[in-house]
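This report concerns only the one structure given below.
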Amino acid sequence: MPRIASVLLPMPLPEAFDYAEPEGLELVVGDHVSVPLGPRTVRGVVTALREGAGGNRRLKPVLARVDDPRLPANVITFVEWAARYSVDVPGWPLAMALRGLRHPPAKPEKAVALTGVQPARMTPARLKVLAAAEHGPLSAAELARQAGVSAGVVKGLVDEGALEPVLVAADDSIAQPDLSLPAQALNPSQKAAADEMADMLAAGGFQAALLDGVTGSGKTEVYLEVAAAALEADPAAQVLVLLPEIALTQAVMGRFEQRFGAAPIEWHSGVSPPRRRRAWEAVADGRARIVVGARSALFLPFSNLKLIVVDEEHDGSFKQEEGFIYQARDLAVARAKIEGALVVLASATPSLESLWNAHQGRYRWLRLGARHGTAQLPDVHLIDMRATPPEPGRWLSPTLVKAVSLTLQKGEQSLLFLNRRGYAPLVLCRACGEKLKSPDSDSWLVEHRYTGRLVCHLTGFSMKKPEACPHCGAKDSLVSIGPGVERVEEEARYLFPDARIAVFSSDTVFDPAGARALVDSMAAGEIDILVATQAAAKGHNFPNLTLVGVIDADLSLRGGDLRAGERTFQLLAQATGRAGRHEKPGRAYLQTYSPEHAVLQALKAQDRDAFVEAEMAMREEAGLPPFGRLAAVIASGPDAEALEAYVQALAAATPNAEGVEVYGPADAPLGLVRGRRRKRFLVRAGRNVDLPGFMAAWRARAKVPNSVRVTIDIDPYSFL
DNA sequence: AGCACGCCGACT
DNA sequence: GTCGGCGTGCTC
């Protein structure tokens, strides 16, 4: 009886395609194969095998098996689950799962090995080479280097037959963790949490824990010990640590290396393709025990994953917003479920979703106390910008200026935090009132003085700042409105001409090495005032930093985003948590126009529980996450009429479902991006509704014109 | 995603 | 008269 192989291809096809299994190939689920697709040959993965012929149509045969490590069955399950959850084609998550395989496997390397033949004439240099070659084959260059002689000596020995050229497998050894190294010293609170998670691991099966501890409470030590417990309990166990940003991986890699004597496998977009290939293979065959990476590491082919740690679980960077849209924290929980693993969500300021799950008992809630004698909470002051405004055209209020000045006098460091890149977020013409926008988009152009350009942060468009208004032609009429970090730096330089000032934003720091250098320089006390965006808000430890000034604490409270309050609280808690992490007391000053706002009051009181309680009540009232679920549909296209017709048809086709409300269509807040008009629907559903199922069924009920692109975003974070 | 098939402008 | 632009549609 012939068999049919379902082959999933890493392409936007709606489902796996069926192929005939050729005589004698004996495929297995998870095999990589090459198959014909129309006129070309593509690679895919076998996701199912069943008996039968092609039925009514003749199937094309699988061409060949590709010799790459098989994709574990759990990964296929995960890929299919992720596609359904995200209301997208399975080819996208599959493509992510295969991202380590794009680079060809390492080829055998040329080396030379001893033959046993003695050279006719022996010299001291030749003796050294032959001695060095005893430890096994080496490349000629490496052998010469180790023997401390020139390459000519090696070549001479090859010519005389004492050494022969051989091919050896490329070095793909992976350093293994040493579990006999001493554990970290844990305080009682850390120990209790680590022990409880070790018990959960021992119990086996899917489990979830929320590791909830203020900045400086030592979450990393705790999960290092949980990782140690997992690795010790099962000699084949694998551990995955997810971090929100590449910039944090170096620090965490270092902690693991210290603890286990070997660097973990690193996985993120900055890792070179050959290294990725090595990492992928090592994960697939189990040699990689510990992986530290960004959200895409979730798709690696672990075969015995026992622990997933999602560090800084509240961080919005875990939400992938482009291409295949997913929330890595939520998918991590799903993957842990599929693998029967323990998932640990760690944060000083957990998301409301996770707190709610902990409240409901779905996650084990492990709270860490502040570490004795180290973390001192800063004094938080609200500066009412209505009562004590800065001078016109300036952004630092007199209160904050005085605080910075005092800090400078004491020889301590200040951090001025403003989550806005560039010099000014808006340029407008005083003559005609025109706001300069990106062509084909509704977003303002941001002025960057370092480069003298106007930049669209949405589309990447940039232009030289014009002399005259492009709209009315008036000369010298363009004015810069509002502050960015560059402008705050300018003001700080003017106010404190002798201070050493640096800016930390994605415009001054573009790689982990640059971030490292700036952080080291700050830690070494070579900077007095650091002006920073979000890039510096977390993960660093500056012993002499005692003042944090938040230029615009209201910034993320504006704009109708349901998570605005939460994000502001988290960001400010992180930023103020910077101040006074050591013996020196810290102070935080928050500039605000609405000091009475619940978020700011909770911050001032350092009262997370009060904030969470208020915010939860508000969300429950409105049926918003975590009490309800949201989804967005964004339809865009260059043809306004076709787009309008489509969204009307989609609106008319809304299925009538219990517990689901559909709002829209409305113009998206950024109604025009890159020349495409954008319309959006928002869907609110009860927790028990199969929202992906509803969305998939709905989308299928209206034909999409080919000029229109439709994106479904489950649990949207961005409301633009 | 690729790649072919398909109908309208400047060219050996 | 052709070469080729990229719009539209399909791939088991």
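All chains are named by letter (A, B, ...) in the order of the sequence lines, taking the proteins before the strands, and each is independently numbered beginning at 1. As the structure is a computational prediction, the values presented were derived from the model and not from experiment. Hydrogens, waters and symmetry mates are skipped; everything else that's a heavy atom, side chains included, is used.
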Next on the checklist: Quick check on side chain to side chain contact (heavy atoms under 4.5 Å, CB included): which of A:V28, A:D31, A:V62, A:L71 does A:V46 satisfy it with?
Outcome noted: A:D31
Item to check | From CG (A:D507) to NE2 (A:H448), nearest 0.5 Å | outcome: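 If we round to the nearest 0.5 Å, A:D507:CG and A:H448:NE2 are 5.0 Å apart.
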Checking all strands, does [X] fall into the base, sugar-phosphate, or nothing category for heavy-atom contacts under 4.0 angstrom?
| X | value |
| --- | --- |
| A:L9 | nothing |
| A:P10 | nothing |
| A:N706 | sugar-phosphate |

Next on the checklist: Is it true that, when you exclude A:R65 itself, more than 12 heavy atoms of the residues, nucleotides or ligands shown sit nearer than 6.0 Å to its CZ?
Outcome noted: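 Yes, the 6.0 Å shell around CZ holds more than 12 heavy atoms from other groups.
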Next on the checklist: For A:K337, I'd like to know if atom NZ has over 12 heavy atoms of other residues, nucleotides or ligands within 6.0 Å.
Outcome noted: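 Counting other residues, nucleotides and ligands, NZ of A:K337 stays at 12 neighbours or fewer.
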Checklist entry - Under 3.5 Å, is there a donor-acceptor pair between the A:S6 and A:D18 side chains? => result yes
Checklist entry - With no hydrogens and no angle check, do the side chains of A:E313 and A:S351 hold a donor and an acceptor under 3.5 Å apart? => result yes
Checklist entry - When the ring planes of A:F694 and A:W698 are compared, do they come out parallel, tilted or perpendicular, using 30° and 60° as the limits? => result tilted
Checklist entry - Where does the chain A footprint on DNA chain C start and end, counting 5' to 3' with a 4.0 Å heavy-atom cut-off? => result C:dT8 to C:dC12
Next on the checklist: Taking the side chain as everything from C-beta on, heavy atoms only, tell me whether A:R40 gets closer than 4.5 Å to A:L37.
Outcome noted: yes
Checklist outcome for this item: Its contact letters, B for base, S for sugar-phosphate only and - for none at protein heavy atoms under 4.0 Å, make nucleotides 3-8 of chain B read S-----
